[in-house]
Number of protein chains: 2
Amino acid sequence: MSEKGERSREHILATAKRLVMDKGFAGTSIDDILKAAGVSKGAFFHHFRSKADLASQLMRWHSAQDIRMFRDLAARAEALHDDPYEQLQFYLKAFEGYISNPTEPSRGCMYAVYTYESEAFDEDVNDVVAETLREWSAIYIRKFQEVIDRYPPARPVTAKELAEMIVSLIEGGLILQRAYGNTAITARQSEHFRAYLDMLFAPSMAASN
Amino acid sequence: MSEKGERSREHILATAKRLVMDKGFAGTSIDDILKAAGVSKGAFFHHFRSKADLASQLMRWHSAQDIRMFRDLAARAEALHDDPYEQLQFYLKAFEGYISNPTEPSRGCMYAVYTYESEAFDEDVNDVVAETLREWSAIYIRKFQEVIDRYPPARPVTAKELAEMIVSLIEGGLILQRAYGNTAITARQSEHFRAYLDMLFAPSMAASN
DNA sequence: TTTTAAACATACCATTCAGTCTGTTTCAGA
DNA sequence: TCTGAAACAGACTGAATGGTATGTTTAAAA
């Protein structure tokens, strides 16, 4: 990242990420990664002590990228809009744009891959997965709470359950997307969720104007 | 299933299913399955030509079980209730009971496992996954359509998008469930979805009485 | 009782895999 | 220019893995 030496490590991580998302972690051999990345075994084992170490570094690297993106998106939403509901809508729409980007269609979710092979990983790696998902939820929870506080919902809902719902919809959408070979499903789920939010909050928003 | 010889095949399939759901397909070796099932290599390769053939038979076997369960649930719902909305509620609640069964807590979803390792499987196996998910959706779609026809929803929704939503919520919930080690999440998502349905249909149900 | 095929058991084989070992190159600093 | 360490290259190894070959048991039909 900072030095030139990081280039190769990041290149290996990026290649591994692509392969692991396509074939799973156990289904991806080190040789597969070497071949796809065009690096030697010496280079690989210079940066990673073992395949388990790759798993750990890969998840931490990917998690750091994601958390940065979540926070960037949240910061942009807050810079552009004052109203928490508008911030939320912006955030959700921005994510829809990101997930259905046609140049780099989403292959799925790294956390789902790790979750479904959790037995293969060290406990601390699984903890990173859970913590990243929690961090992601937390961004939603904060925003939902602000919205709920300002616009009493038509039905009593908690910020936590709404956050859990959108995360579930996205994770589930990514699975259906892969299974059906249709890259539009997750964004559609998010749109539908926004329509649900409209039902919940539109009445009291109208009343407050 | 019918003959005694089927016992061993089914025993291998059931064992493989458990292991594959815990460790993924690539992460489960044939020897793992032999050891866990207490059968010999000869027995295994008598019933399955290769590991890929196991993958195929396992998915078809599992899919057949699931589809039978979906249809049984739907039939029971229709036997117990006349009103399509009550049938739907029964169906969803029954599934919640099944998924959060404490004696056999759900390890996740087989289709998700296969989806995230899809590169490893033959095209026809991936087709079985997609078709089973569609079959599952179709049961929801039929019921949602009946409900929509009888009770005009508060917001224009299609049966298809509602079906896609509950399937996504369940799939996503199963991931979060594994990641967090909390076996209650999927059932909670389903409950939340039922609350959403109430918002959609309760007004016109009240009007029709 | 004999025959026959399915159902199993086990030793074995070739390949792949993660990981090691022994170097060579690169390049920053003295 | 020299030194030393980081970065890399690639041949090699032992264990694991998928798969085979060959033989034995079982059980039902003839």
Side-chain angles (χ1 to χ4, degrees), chain A residues 1-59 61 113-114 117-122 124-125, chain B residues 1-59 61 113-114 117-122 124-125:
Chain A
M1 216 129 149
S2 52
E3 295 146 40
K4 282 186 180 175
E6 283 295 285
R7 284 256 185 82
S8 159
R9 179 177 163 274
E10 294 232 324
H11 178 58
I12 293 171
L13 286 171
T15 306
K17 176 176 160 181
R18 210 186 67 228
L19 294 179
V20 167
M21 279 185 136
D22 280 352
K23 315 197 290 173
F25 188 77
T28 303
S29 73
I30 293 176
D31 283 350
D32 287 342
I33 298 167
L34 302 184
K35 201 178 159 194
V39 299
S40 72
K41 212 147 216 188
F44 181 92
F45 280 95
H46 175 72
H47 293 290
F48 309 98
R49 272 170 304 171
S50 64
K51 203 191 177 191
D53 184 44
L54 169 72
S56 171
Q57 290 199 43
L58 179 56
M59 177 44 71
W61 180 74
V113 172
Y114 270 64
E117 294 186 66
S118 55
E119 296 269 316
F121 306 119
D122 296 337
D124 59 316
V125 176
Chain B
M1 217 129 148
S2 52
E3 296 146 40
K4 281 186 181 174
E6 283 295 283
R7 284 260 182 79
S8 160
R9 179 178 164 273
E10 294 232 324
H11 178 57
I12 293 171
L13 285 171
T15 308
K17 175 176 163 181
R18 210 186 68 229
L19 294 178
V20 166
M21 278 185 135
D22 279 352
K23 314 196 291 172
F25 188 77
T28 304
S29 73
I30 293 176
D31 283 351
D32 286 343
I33 298 167
L34 302 184
K35 202 177 159 194
V39 300
S40 71
K41 214 150 212 186
F44 181 92
F45 280 96
H46 175 72
H47 294 290
F48 309 98
R49 272 170 305 169
S50 63
K51 204 191 176 191
D53 185 46
L54 169 72
S56 172
Q57 290 198 44
L58 179 56
M59 176 46 69
W61 181 74
V113 171
Y114 270 63
E117 293 185 66
S118 54
E119 294 272 314
F121 306 118
D122 296 337
D124 61 315
V125 177

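Here is the naming used below: chain letters follow the sequence lines, and residue numbers restart at 1 for every chain.
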> On a plain distance test, is the side chain of A:Lys41 in donor-acceptor contact with the base of C:dA18 below 3.5 Å?
Replying inline: yes
>> For B:Tyr114 and B:Phe121, take the angle between the two ring planes, folded into 0 to 90°, and tell me which bin it lands in: parallel under 30, tilted 30 to 60, perpendicular over 60.
In response: parallel
>> How many whole angstroms separate atom CZ of A:Phe45 from atom P of C:dT22?
In response: 17 Å
>> If we check side chain to side chain donor-acceptor pair (under 3.5 Å) with A:Gln57, which of these qualifies: A:Arg49, A:Arg9, A:His47?
In response: A:Arg9
> Does a side-chain N or O from B:His47 land closer than 4.0 Å to OP1 or OP2 of C:dC8, or not?
Replying inline: yes
> CG of B:Leu54 versus P of D:dT17: gap in Å, rounded?
Replying inline: 15 Å
>> I need the CD1-C1' distance between A:Ile12 and D:dA9, as an integer number of Å.
In response: 13 Å
>> Can a donor-acceptor pair be found, under 3.5 Å and without considering hydrogens, that links the side chain of A:Glu117 to the backbone of A:Gly24?
In response: no
> Is the distance from OP1 or OP2 of D:dA7 to the nearest side-chain N or O of A:His46 less than 4.0 Å?
Replying inline: yes
> Below 3.5 Å, does any donor atom in the side chain of B:Lys51 face an acceptor in the base of D:dG19, or the other way round?
Replying inline: no
> At what distance, to the nearest 0.5 angstrom, does CG of A:Asp53 lie from CG of A:Asp122?
Replying inline: 9.0 Å
> How long is the line joining CZ of A:Phe44 and P of C:dC17, in whole Å?
Replying inline: 13 Å
> Is B:Ser50 near enough to D:dG18 that one of its side-chain N or O atoms lies under 4.0 angstrom from OP1 or OP2?
Replying inline: no
>> What verdict does the side chain to side chain donor-acceptor pair (under 3.5 Å) test give for B:Ser29 and B:Asp32, after you've listed the backbone C-alpha separation in whole Å, the side-chain angles of each residue and the deciding distance to 0.1 Å?
In response: CA-CA 5 Å; B:Ser29 73; B:Asp32 286 343; 3.3 Å; yes
> Of the residues in residues 21-37 of chain A, which ones touch DNA chain D at a heavy-atom distance under 4.0 Å?
Replying inline: none
> Is A:Ile12 close to A:Leu34 at the side-chain level, that is, under 4.5 Å between some pair of heavy atoms?
Replying inline: no
>> Just the rounded figure in Å: distance from P of D:dA27 to CZ of B:Arg7.
In response: 12 Å
